[in-house]
Amino acid sequence: MGITVQAVAGKSSLINKTAMVMKKLGTKPAVLAVDPTSHVTGGAILGDRVRMSESTDSGTYIRSIASRGATGAVSRSLRNSIRVLEYAGFNPIIIESVGAGQTEVEISNIADITVVVVNPNTGDSIKKITAGLTDIGDIYLVNKSDLAGTNQLFDAVRDFIGDSVRRPVILKTSVKKNSGITVFAKTLKDMMESKKQFKEVK
């Protein structure tokens, strides 16, 4: 599963809470956080991982990977890391990208499920959600739904993207109010099981 954003939308805190709920639902989540590269050491800056300490303490495996200038908001070593975690029995493997822009949609070619996160606090609107992001999402989350402007953004996403051929799921979440997280996690689990059954039939 890949999670990407149009701007700083609180995805790290969201992943932290979602991973904890996924564990309660009987899954074994792992997180690969693709972080910006330090210009000094060449390593991952680890900013996102710091905000996931709660799920780490509960047993979720989290690994930061430096993007090292890779295109698509992901890391060149990502696919190999996923294979190792799959072999170790982790599922879902949540991939957190650095961020997303019009050409940074490579994550959708790697992940079975792509989640696009937006929020009203950053001025996100349909005009600012680039064409690339409207084409890749299986789930669209309006995060930080406790903020003003949430309903307008949700309605806009639903009207503009919800009726597309892909028929993505559109949800609201708020880490601050702890709302919508369980619904999101259950939706992910159902979607995972559906895709697994589809692969088995093929």
Colleague: My understanding is that only residues two or more places apart in sequence, or in another chain, count here; which of them pass side chain to side chain donor-acceptor pair (under 3.5 Å) with T114?
Modeller: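 Counting only residues at least two positions away or on another chain, T114 forms no side chain to side chain donor-acceptor pair (under 3.5 Å).
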Colleague: Are the side chains of L32 and E96 in contact, using a 4.5 Å heavy-atom criterion?
Modeller: no
Colleague: Do the side chains of V118 and Y140 get nearer than 4.5 Å, heavy atoms only?
Modeller: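 No; the side chains remain at least 4.5 Å from each other.
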Colleague: Going by the rule side chain to side chain donor-acceptor pair (under 3.5 Å), which residues pair with N91 if we only count those two or more places apart in sequence or in a different chain?
Modeller: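 Once residues adjacent in sequence are excluded, N91 has no partner under the side chain to side chain donor-acceptor pair (under 3.5 Å) criterion.
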Colleague: Looking only at heavy atoms, what is the nearest atom pair of P29 and F90, with distance?
Modeller: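 Looking at all heavy atoms of both residues, the closest pair is O-CD2, 3.7 Å.
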Colleague: Quick one: do I110 and L85 end up in the same hydrophobic cluster if we chain Ile, Leu, Val, Met, Phe, Trp and Tyr together by side-chain heavy atoms under 4.5 Å apart?
Modeller: yes
Colleague: Which distance, rounded to the nearest 0.5 Å, do you find between the CG of N16 and the OG1 of T60?
Modeller: 8.0 Å
Colleague: Over all heavy atoms of both residues, which pair between G137 and V116 is shortest? Give the atoms and the distance, please.
Modeller: CA-CG2, 4.0 Å
Colleague: Could you name each residue pair satisfying salt bridge (charged side-chain N to carboxylate O under 4.0 Å, His left out) that touches residues 167-179, not counting sequence neighbours?
Modeller: D163-R167
Colleague: State which residues pass ring-ring contact (aromatic ring centres under 6.0 Å, His included) with F154; sequence neighbours excluded, sorted by chain then number.
Modeller: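 None.
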Colleague: In Å and rounded to the nearest 0.5 Å, what is the NZ to OG distance from K17 to S12?
Modeller: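 With rounding to 0.5 Å, NZ (K17) is 13.5 Å from OG (S12).
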Colleague: Taking only residues two or more places apart in sequence or in another chain, which ones pass side-chain contact (heavy atoms from CB on, under 4.5 Å) with E86?
Modeller: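 E86 satisfies side-chain contact (heavy atoms from CB on, under 4.5 Å) with I82, I93 once adjacent residues are dropped.
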Colleague: With a 4.5 Å limit on heavy-atom distance, are the side chains of M192 and P92 in contact?
Modeller: yes
Colleague: Got a list of side-chain donor-acceptor pairs under 3.5 Å for residues 181-191, not counting sequence neighbours?
Modeller:
from : atom 1 : to   : atom 2 : distance (Å)
T187 : OG1    : V183 : O      : 2.7
K189 : NZ     : L25  : O      : 2.6

Colleague: State, yes or no, whether a side-chain contact exists between V157 and L153 at a heavy-atom distance under 4.5 Å.
Modeller: yes
Colleague: Check whether any side-chain heavy atom of R63 sits under 4.5 Å from a side-chain heavy atom of S81, and report yes or no.
Modeller: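 No, side chains not in contact.
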Colleague: Just how far is it from atom CD1 of I15 to atom CE of M22, taken to the nearest 0.5 Å?
Modeller: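 So the gap between those two atoms works out to 12.0 Å.
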Colleague: Quick one: does V175's side chain get under 4.5 Å of T173's, heavy atoms only?
Modeller: no
Colleague: Quick one: NZ on K23 to CE on M20, what's the gap to the nearest 0.5 Å?
Modeller: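 So the gap between those two atoms works out to 9.5 Å.
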Colleague: To the nearest 0.5 angstrom, please state how far the OG atom of S174 sits from the CG atom of N119.
Modeller: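 The distance works out to 10.5 Å.
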Colleague: Roughly how far, to the nearest 0.5 Å, is the CG atom of L171 from the CZ atom of R158?
Modeller: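 Result: 12.5 Å between the selected atoms.
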Colleague: For the hydrophobic clusters of this structure (ILVMFWY residues joined by side-chain heavy atoms under 4.5 Å, transitively), does one cluster hold both I95 and Y61?
Modeller: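 Yes, it is one cluster - the side chains of I95 and Y61 are joined through contacts under 4.5 Å.
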